Amino acid sequence: MLTLIEGAEIFSPTHLGQQDLLVADGRIAWMGKGLTVPANWPLNRVDGRGSYLVPGLVDPLAHITGGGGEGGFAFRTPELAACEALKAGVTTLVAALGTDSLTRTPAQVLGKVREFRAAGVSAFMYTGSYHLPVKTLTGTVESDIILIPEVLGVGEVAISDHRSSAPTHHELARLASEARVAGLLAGKSGVSFFHIGDGKGALAPLRALRDETDIPLRQLYPTHCNRNPWLFAEAIEWGKAGGWVDLTTSSFPDLLEDGERLAADGLAELLAAGVPAERITFSSDANASLPRFDGEGRLIEMRCGQIASLWQQCVRATRLGVSLERALAAVTSNPAQALGLGSKGRIGVGQDADLLLVHARTFAIERVMSGGQWRG
(Lines give C-alpha, C1' and ligand atoms only; values in the text may rest on other atoms or scores of the structure.)
Protein backbone atom coordinates (compact mmCIF):
# COMPACT_ATOMS: atom_id res chain seq x y z
CA MET A 1 0.00 0.00 0.00
CA LEU A 2 1.24 3.47 -0.94
CA THR A 3 0.43 6.53 1.15
CA LEU A 4 0.13 10.02 -0.32
CA ILE A 5 0.03 12.84 2.24
CA GLU A 6 -1.35 15.88 0.49
CA GLY A 7 -0.97 19.58 1.21
CA ALA A 8 0.86 19.49 4.54
CA GLU A 9 3.36 22.19 5.55
CA ILE A 10 6.61 20.24 5.71
CA PHE A 11 9.42 20.86 8.18
CA SER A 12 12.38 18.64 7.44
CA PRO A 13 13.15 20.14 10.15
CA THR A 14 14.09 22.90 7.67
CA HIS A 15 10.91 24.55 6.41
CA LEU A 16 10.14 23.17 2.94
CA GLY A 17 6.71 24.74 2.47
CA GLN A 18 3.46 23.09 1.44
CA GLN A 19 4.06 19.91 -0.52
CA ASP A 20 2.74 16.42 -1.12
CA LEU A 21 4.70 13.38 0.02
CA LEU A 22 4.54 9.78 -1.17
CA VAL A 23 5.49 6.86 1.08
CA ALA A 24 6.38 3.47 -0.38
CA ASP A 25 7.99 0.42 1.22
CA GLY A 26 8.68 2.20 4.50
CA ARG A 27 10.54 5.13 2.93
CA ILE A 28 9.80 8.52 1.47
CA ALA A 29 9.62 7.92 -2.27
CA TRP A 30 8.68 11.34 -3.62
CA MET A 31 8.04 14.94 -2.55
CA GLY A 32 6.58 17.78 -4.59
CA LYS A 33 3.30 18.89 -6.12
CA GLY A 34 0.98 17.50 -8.75
CA LEU A 35 1.81 13.80 -8.64
CA THR A 36 -0.27 11.85 -11.16
CA VAL A 37 -1.19 8.47 -9.73
CA PRO A 38 -2.49 5.68 -11.97
CA ALA A 39 -6.02 4.63 -11.07
CA ASN A 40 -4.98 1.05 -10.37
CA TRP A 41 -2.37 1.96 -7.73
CA PRO A 42 -3.24 0.79 -4.17
CA LEU A 43 -3.12 4.31 -2.74
CA ASN A 44 -4.13 5.66 0.65
CA ARG A 45 -4.67 9.42 0.43
CA VAL A 46 -4.30 11.54 3.60
CA ASP A 47 -5.35 15.16 3.72
CA GLY A 48 -2.54 17.10 5.40
CA ARG A 49 -3.93 20.57 4.87
CA GLY A 50 -3.94 22.59 8.08
CA SER A 51 -1.18 20.41 9.53
CA TYR A 52 2.57 20.41 9.81
CA LEU A 53 4.41 17.28 8.67
CA VAL A 54 7.57 16.81 10.77
CA PRO A 55 10.06 13.98 11.33
CA GLY A 56 9.33 11.40 13.99
CA LEU A 57 11.08 12.25 17.24
CA VAL A 58 14.47 10.73 18.02
CA ASP A 59 15.07 10.15 21.75
CA PRO A 60 18.72 9.41 22.69
CA LEU A 61 17.90 8.21 26.22
CA ALA A 62 14.97 6.15 27.45
CA HIS A 63 14.89 3.60 30.26
CA ILE A 64 12.43 1.24 28.65
CA THR A 65 13.03 -1.47 31.27
CA GLY A 66 12.44 1.05 34.06
CA GLY A 67 14.88 2.61 36.48
CA GLY A 68 16.44 1.25 39.63
CA GLY A 69 14.94 2.85 42.74
CA GLU A 70 17.53 4.59 44.90
CA GLY A 71 15.09 4.41 47.80
CA GLY A 72 14.87 0.62 47.72
CA PHE A 73 12.81 -1.86 45.74
CA ALA A 74 9.56 -0.02 46.41
CA PHE A 75 10.94 2.87 44.36
CA ARG A 76 11.66 0.97 41.14
CA THR A 77 10.07 2.69 38.15
CA PRO A 78 7.97 0.71 35.65
CA GLU A 79 8.82 -0.39 32.13
CA LEU A 80 7.84 1.78 29.17
CA ALA A 81 5.36 0.48 26.60
CA ALA A 82 5.97 0.94 22.88
CA CYS A 83 2.48 2.37 22.45
CA GLU A 84 3.38 5.14 24.93
CA ALA A 85 6.42 6.10 22.87
CA LEU A 86 4.44 6.19 19.63
CA LYS A 87 1.64 8.20 21.21
CA ALA A 88 4.28 10.75 22.28
CA GLY A 89 5.58 10.97 18.71
CA VAL A 90 8.81 9.06 19.42
CA THR A 91 9.58 6.75 16.50
CA THR A 92 13.28 6.20 17.27
CA LEU A 93 14.89 5.77 20.70
CA VAL A 94 18.00 4.46 22.40
CA ALA A 95 17.58 2.45 25.60
CA ALA A 96 19.95 2.24 28.54
CA LEU A 97 20.24 0.68 31.96
CA GLY A 98 19.84 2.99 34.94
CA THR A 99 21.50 3.06 38.34
CA ASP A 100 20.63 -0.58 38.96
CA SER A 101 22.67 -2.90 36.73
CA LEU A 102 22.30 -5.94 38.98
CA THR A 103 18.59 -6.73 39.00
CA ARG A 104 18.25 -5.20 35.53
CA THR A 105 20.62 -6.41 32.82
CA PRO A 106 21.72 -5.58 29.26
CA ALA A 107 19.99 -8.77 28.11
CA GLN A 108 16.69 -7.46 29.47
CA VAL A 109 17.23 -4.18 27.66
CA LEU A 110 17.95 -6.01 24.40
CA GLY A 111 14.81 -8.09 24.76
CA LYS A 112 12.75 -4.96 25.37
CA VAL A 113 14.40 -3.22 22.40
CA ARG A 114 13.30 -6.09 20.18
CA GLU A 115 9.81 -5.89 21.63
CA PHE A 116 9.70 -2.21 20.63
CA ARG A 117 10.93 -3.05 17.15
CA ALA A 118 8.17 -5.60 16.73
CA ALA A 119 5.68 -2.86 17.67
CA GLY A 120 7.05 -0.47 15.02
CA VAL A 121 9.51 1.66 17.00
CA SER A 122 13.08 1.93 15.68
CA ALA A 123 14.69 1.00 18.99
CA PHE A 124 18.40 0.75 19.73
CA MET A 125 20.47 0.50 22.91
CA TYR A 126 23.72 1.36 24.61
CA THR A 127 25.78 -1.46 26.00
CA GLY A 128 27.33 -0.86 29.40
CA SER A 129 26.01 0.59 32.61
CA TYR A 130 26.17 3.41 35.15
CA HIS A 131 29.18 1.89 36.88
CA LEU A 132 32.57 0.63 35.77
CA PRO A 133 33.49 -2.06 34.97
CA VAL A 134 30.50 -1.85 32.65
CA LYS A 135 28.05 -4.69 32.17
CA THR A 136 27.89 -6.11 28.65
CA LEU A 137 26.12 -8.82 26.65
CA THR A 138 29.07 -10.64 25.10
CA GLY A 139 31.84 -9.84 27.57
CA THR A 140 33.29 -6.69 25.98
CA VAL A 141 32.05 -3.33 24.75
CA GLU A 142 33.78 -3.87 21.40
CA SER A 143 32.09 -7.16 20.62
CA ASP A 144 28.67 -5.87 21.70
CA ILE A 145 28.93 -2.91 19.29
CA ILE A 146 30.39 -4.96 16.44
CA LEU A 147 28.24 -8.09 16.73
CA ILE A 148 24.83 -6.88 17.97
CA PRO A 149 22.94 -4.74 15.43
CA GLU A 150 20.91 -2.85 18.00
CA VAL A 151 23.93 -1.63 20.01
CA LEU A 152 25.12 1.83 18.91
CA GLY A 153 27.62 2.73 21.63
CA VAL A 154 28.26 2.62 25.36
CA GLY A 155 26.31 4.29 28.17
CA GLU A 156 24.75 5.63 30.27
CA VAL A 157 28.05 5.93 32.22
CA ALA A 158 27.79 8.06 35.38
CA ILE A 159 30.37 10.74 36.19
CA SER A 160 30.38 13.67 38.65
CA ASP A 161 27.73 11.90 40.70
CA HIS A 162 27.75 10.45 44.23
CA ARG A 163 26.10 7.33 42.75
CA SER A 164 28.85 6.75 40.18
CA SER A 165 31.78 4.35 40.59
CA ALA A 166 34.18 7.33 40.55
CA PRO A 167 35.89 6.20 37.33
CA THR A 168 39.41 7.39 36.70
CA HIS A 169 40.55 9.31 33.65
CA HIS A 170 42.33 6.26 32.28
CA GLU A 171 39.26 4.06 32.73
CA LEU A 172 37.06 6.55 30.86
CA ALA A 173 39.65 7.02 28.12
CA ARG A 174 39.92 3.28 27.54
CA LEU A 175 36.12 2.86 27.50
CA ALA A 176 35.54 5.69 25.03
CA SER A 177 38.40 4.48 22.83
CA GLU A 178 37.03 0.94 22.74
CA ALA A 179 33.57 2.20 21.79
CA ARG A 180 34.97 4.45 19.07
CA VAL A 181 37.10 1.78 17.41
CA ALA A 182 34.26 -0.75 17.57
CA GLY A 183 31.98 1.84 15.99
CA LEU A 184 34.45 2.35 13.16
CA LEU A 185 34.58 -1.39 12.51
CA ALA A 186 30.80 -1.79 12.67
CA GLY A 187 29.87 1.33 10.72
CA LYS A 188 28.14 2.80 13.79
CA SER A 189 28.59 5.94 15.85
CA GLY A 190 30.39 4.15 18.71
CA VAL A 191 29.36 7.08 20.87
CA SER A 192 29.96 7.22 24.64
CA PHE A 193 26.88 8.55 26.41
CA PHE A 194 27.54 10.07 29.85
CA HIS A 195 25.19 10.75 32.75
CA ILE A 196 26.41 13.97 34.39
CA GLY A 197 25.41 14.27 38.03
CA ASP A 198 25.23 17.13 40.51
CA GLY A 199 28.86 16.81 41.52
CA LYS A 200 31.13 19.83 41.40
CA GLY A 201 33.30 18.08 38.81
CA ALA A 202 30.57 18.60 36.19
CA LEU A 203 32.15 18.20 32.73
CA ALA A 204 35.76 18.11 33.97
CA PRO A 205 36.19 14.37 33.22
CA LEU A 206 35.05 14.94 29.64
CA ARG A 207 37.24 18.00 29.22
CA ALA A 208 40.18 15.84 30.26
CA LEU A 209 39.26 13.29 27.58
CA ARG A 210 39.01 16.10 25.03
CA ASP A 211 42.29 17.75 26.00
CA GLU A 212 44.48 14.77 26.93
CA THR A 213 43.49 12.07 24.42
CA ASP A 214 42.96 11.78 20.67
CA ILE A 215 39.31 10.81 21.04
CA PRO A 216 37.22 13.05 18.72
CA LEU A 217 34.89 15.41 20.54
CA ARG A 218 31.83 14.06 18.73
CA GLN A 219 32.30 10.70 20.50
CA LEU A 220 31.55 12.23 23.92
CA TYR A 221 27.83 12.79 24.51
CA PRO A 222 26.88 14.28 27.92
CA THR A 223 23.29 14.37 29.15
CA HIS A 224 21.40 16.16 31.98
CA CYS A 225 23.29 19.38 31.13
CA ASN A 226 20.36 21.51 32.41
CA ARG A 227 20.29 19.99 35.89
CA ASN A 228 22.12 22.81 37.78
CA PRO A 229 23.66 26.25 37.13
CA TRP A 230 27.36 25.29 37.23
CA LEU A 231 26.90 22.34 34.86
CA PHE A 232 24.84 24.48 32.49
CA ALA A 233 27.55 27.17 32.46
CA GLU A 234 30.13 24.54 31.54
CA ALA A 235 27.79 23.11 28.90
CA ILE A 236 27.72 26.49 27.17
CA GLU A 237 31.49 26.45 26.73
CA TRP A 238 31.45 22.76 25.80
CA GLY A 239 28.87 23.41 23.08
CA LYS A 240 30.66 26.47 21.75
CA ALA A 241 33.79 24.33 21.41
CA GLY A 242 31.81 21.91 19.21
CA GLY A 243 30.65 19.33 21.77
CA TRP A 244 27.20 17.81 22.07
CA VAL A 245 24.93 19.28 24.74
CA ASP A 246 21.94 17.13 25.72
CA LEU A 247 19.13 18.60 27.82
CA THR A 248 16.76 16.38 29.78
CA THR A 249 13.08 17.13 29.15
CA SER A 250 11.73 15.21 32.17
CA SER A 251 11.97 18.17 34.54
CA PHE A 252 9.38 19.47 36.95
CA PRO A 253 8.60 23.20 37.33
CA ASP A 254 8.29 22.95 41.12
CA LEU A 255 11.91 21.77 41.32
CA LEU A 256 13.39 24.68 39.41
CA GLU A 257 14.20 26.43 42.69
CA ASP A 258 17.10 23.98 42.88
CA GLY A 259 18.62 25.66 39.82
CA GLU A 260 17.43 23.16 37.23
CA ARG A 261 16.27 24.60 33.90
CA LEU A 262 13.47 23.31 31.75
CA ALA A 263 14.94 21.97 28.52
CA ALA A 264 13.08 24.53 26.40
CA ASP A 265 14.44 27.40 28.48
CA GLY A 266 17.89 25.87 28.31
CA LEU A 267 17.69 25.65 24.51
CA ALA A 268 16.79 29.34 24.26
CA GLU A 269 19.67 30.27 26.58
CA LEU A 270 22.20 28.09 24.77
CA LEU A 271 21.28 29.64 21.43
CA ALA A 272 21.48 33.15 22.88
CA ALA A 273 24.93 32.32 24.28
CA GLY A 274 26.20 31.32 20.85
CA VAL A 275 26.08 27.53 21.06
CA PRO A 276 25.57 26.18 17.51
CA ALA A 277 21.98 25.03 17.10
CA GLU A 278 23.13 21.77 15.50
CA ARG A 279 25.01 20.69 18.66
CA ILE A 280 21.98 20.76 21.00
CA THR A 281 19.73 17.76 21.63
CA PHE A 282 16.87 16.84 23.93
CA SER A 283 16.32 13.44 25.58
CA SER A 284 13.35 12.35 27.67
CA ASP A 285 15.08 10.10 30.24
CA ALA A 286 11.75 8.27 30.05
CA ASN A 287 10.89 5.95 32.95
CA ALA A 288 14.13 6.74 34.74
CA SER A 289 14.03 7.11 38.47
CA LEU A 290 14.43 10.83 39.12
CA PRO A 291 15.52 11.08 42.76
CA ARG A 292 16.14 14.16 44.87
CA PHE A 293 18.75 13.97 47.63
CA ASP A 294 19.60 16.22 50.54
CA GLY A 295 23.08 17.60 51.20
CA GLU A 296 24.14 14.32 52.82
CA GLY A 297 22.99 12.13 49.94
CA ARG A 298 19.75 10.94 51.56
CA LEU A 299 16.72 10.42 49.33
CA ILE A 300 14.03 13.10 49.66
CA GLU A 301 11.62 11.99 46.94
CA MET A 302 11.42 9.97 43.71
CA ARG A 303 9.72 10.79 40.43
CA CYS A 304 9.57 9.06 37.06
CA GLY A 305 10.73 10.36 33.67
CA GLN A 306 8.03 10.96 31.06
CA ILE A 307 8.50 10.30 27.36
CA ALA A 308 5.75 12.79 26.46
CA SER A 309 8.01 15.55 27.82
CA LEU A 310 10.14 15.41 24.65
CA TRP A 311 7.44 16.92 22.44
CA GLN A 312 6.12 19.13 25.24
CA GLN A 313 9.48 20.86 25.65
CA CYS A 314 9.90 21.19 21.89
CA VAL A 315 6.56 23.01 21.73
CA ARG A 316 7.43 25.14 24.77
CA ALA A 317 10.62 26.26 23.05
CA THR A 318 8.58 27.73 20.20
CA ARG A 319 6.49 29.66 22.76
CA LEU A 320 9.74 31.13 24.07
CA GLY A 321 10.67 32.47 20.64
CA VAL A 322 12.82 29.62 19.35
CA SER A 323 12.01 28.93 15.70
CA LEU A 324 10.13 25.72 14.99
CA GLU A 325 13.03 24.61 12.77
CA ARG A 326 15.55 24.89 15.61
CA ALA A 327 13.24 23.39 18.22
CA LEU A 328 12.51 20.44 15.95
CA ALA A 329 16.19 19.90 15.20
CA ALA A 330 16.85 19.27 18.92
CA VAL A 331 14.45 16.29 18.86
CA THR A 332 15.00 15.01 15.30
CA SER A 333 18.03 15.71 13.09
CA ASN A 334 20.54 16.60 15.82
CA PRO A 335 20.20 13.42 17.92
CA ALA A 336 20.05 11.35 14.73
CA GLN A 337 23.39 12.85 13.72
CA ALA A 338 24.92 12.30 17.16
CA LEU A 339 23.83 8.66 17.09
CA GLY A 340 24.93 8.02 13.50
CA LEU A 341 21.38 7.28 12.30
CA GLY A 342 21.52 8.79 8.84
CA SER A 343 18.06 7.64 7.72
CA LYS A 344 16.34 9.16 10.75
CA GLY A 345 15.43 12.66 11.91
CA ARG A 346 14.82 14.29 8.52
CA ILE A 347 12.18 14.38 5.80
CA GLY A 348 13.59 13.77 2.34
CA VAL A 349 13.46 11.28 -0.50
CA GLY A 350 15.08 8.03 0.60
CA GLN A 351 14.70 8.72 4.32
CA ASP A 352 12.77 6.35 6.58
CA ALA A 353 9.08 7.24 6.63
CA ASP A 354 8.92 8.20 10.32
CA LEU A 355 6.51 11.14 10.32
CA LEU A 356 4.22 13.16 12.56
CA LEU A 357 1.17 15.09 11.42
CA VAL A 358 0.85 17.99 13.84
CA HIS A 359 -1.99 20.51 14.13
CA ALA A 360 -0.57 23.76 12.81
CA ARG A 361 -2.17 25.91 15.52
CA THR A 362 -2.25 23.78 18.67
CA PHE A 363 0.83 21.59 17.93
CA ALA A 364 -1.18 18.55 19.00
CA ILE A 365 0.13 15.32 17.45
CA GLU A 366 -2.66 14.10 15.18
CA ARG A 367 -1.12 11.02 13.55
CA VAL A 368 2.11 9.05 13.89
CA MET A 369 3.76 7.09 11.06
CA SER A 370 6.69 4.79 11.82
CA GLY A 371 8.36 2.67 9.18
CA GLY A 372 5.80 3.75 6.63
CA GLN A 373 2.79 2.58 8.66
CA TRP A 374 0.34 4.66 10.65
CA ARG A 375 0.72 3.72 14.30
CA GLY A 376 -1.74 6.16 15.79
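Since the model is a prediction, treat every value here as computed from it, not as a measurement. Residue indices begin at 1 and follow the sequence shown.
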Review point. Are L61 and L203 in one and the same hydrophobic cluster, where Ile, Leu, Val, Met, Phe, Trp and Tyr link if side-chain heavy atoms are under 4.5 Å apart?
Key: no

A side-chain contact here means heavy atoms from C-beta on lying under 4.5 Å apart; do [X] and [Y] qualify?
X    : Y    : answer
L209 : L220 : yes
L80  : I307 : yes
T332 : K344 : no
K112 : H63  : no
R180 : P216 : yes

**Study point:** Contacts of type side-chain contact (heavy atoms from CB on, under 4.5 Å), residue A317, not counting sequence neighbours
**Key:** A264, L267, V322, A327

With no hydrogens and no angle check, do the side chains of [X] and [Y] hold a donor and an acceptor under 3.5 Å apart?
X    : Y    : answer
S250 : S284 : no
S343 : Q351 : no
N334 : T281 : no
S283 : D59  : no
T91  : S370 : no
N287 : T77  : no

Review point. Does R49 pair with E6 as a salt bridge, N-O distance under 4.0 Å?
Key: no

Review point. Are the charged groups of D25 and R27 less than 4.0 angstrom apart, N to O?
Key: no

Check your understanding: Testing V358, V46, L356 for side-chain contact (heavy atoms from CB on, under 4.5 Å) with R367, which one passes?
Key -> V46

Review point. Under the 6.0 Å and 45° cation-pi test, does R316 pair with F363?
Key: no

Review point. Is R163 positioned over the aromatic face of Y130, cation under 6.0 angstrom from the ring centre and no more than 45 degrees off axis?
Key: no

Point to revise | Donor-acceptor under 3.5 Å (S164 side chain, S160 main chain) | key: no

Check your understanding: Does S122 use its side chain to pair, donor to acceptor, with the backbone of T92 at less than 3.5 Å?
Key -> no

Exercise for review: Determine whether more than 12 heavy atoms belonging to other residues, nucleotides or ligands lie under 6.0 Å from atom CZ of R210.
Suggested key: yes

Point to revise | Exceeds 12 heavy-atom contacts within 6.0 angstrom, atom CZ of R76 | key: yes

Any residue meeting ring-ring contact (aromatic ring centres under 6.0 Å, His included) with [X], in chain and number order, not counting sequence neighbours:
X    : answer
H15  : F11
H224 : H195
F193 : Y126, Y221

Review point. Quick one: which of E366, E9, H359 gives a side chain to side chain donor-acceptor pair (under 3.5 Å) with S51?
Key: E366

Review point. Who are the side-chain hydrogen bond (donor to acceptor under 3.5 Å, both in side chains) partners of Q337, not counting sequence neighbours?
Key: none

Point to revise | Inter- and intrachain pairs under side-chain hydrogen bond (donor to acceptor under 3.5 Å, both in side chains), touching residues 231-241, at least two apart | key: R207-E234

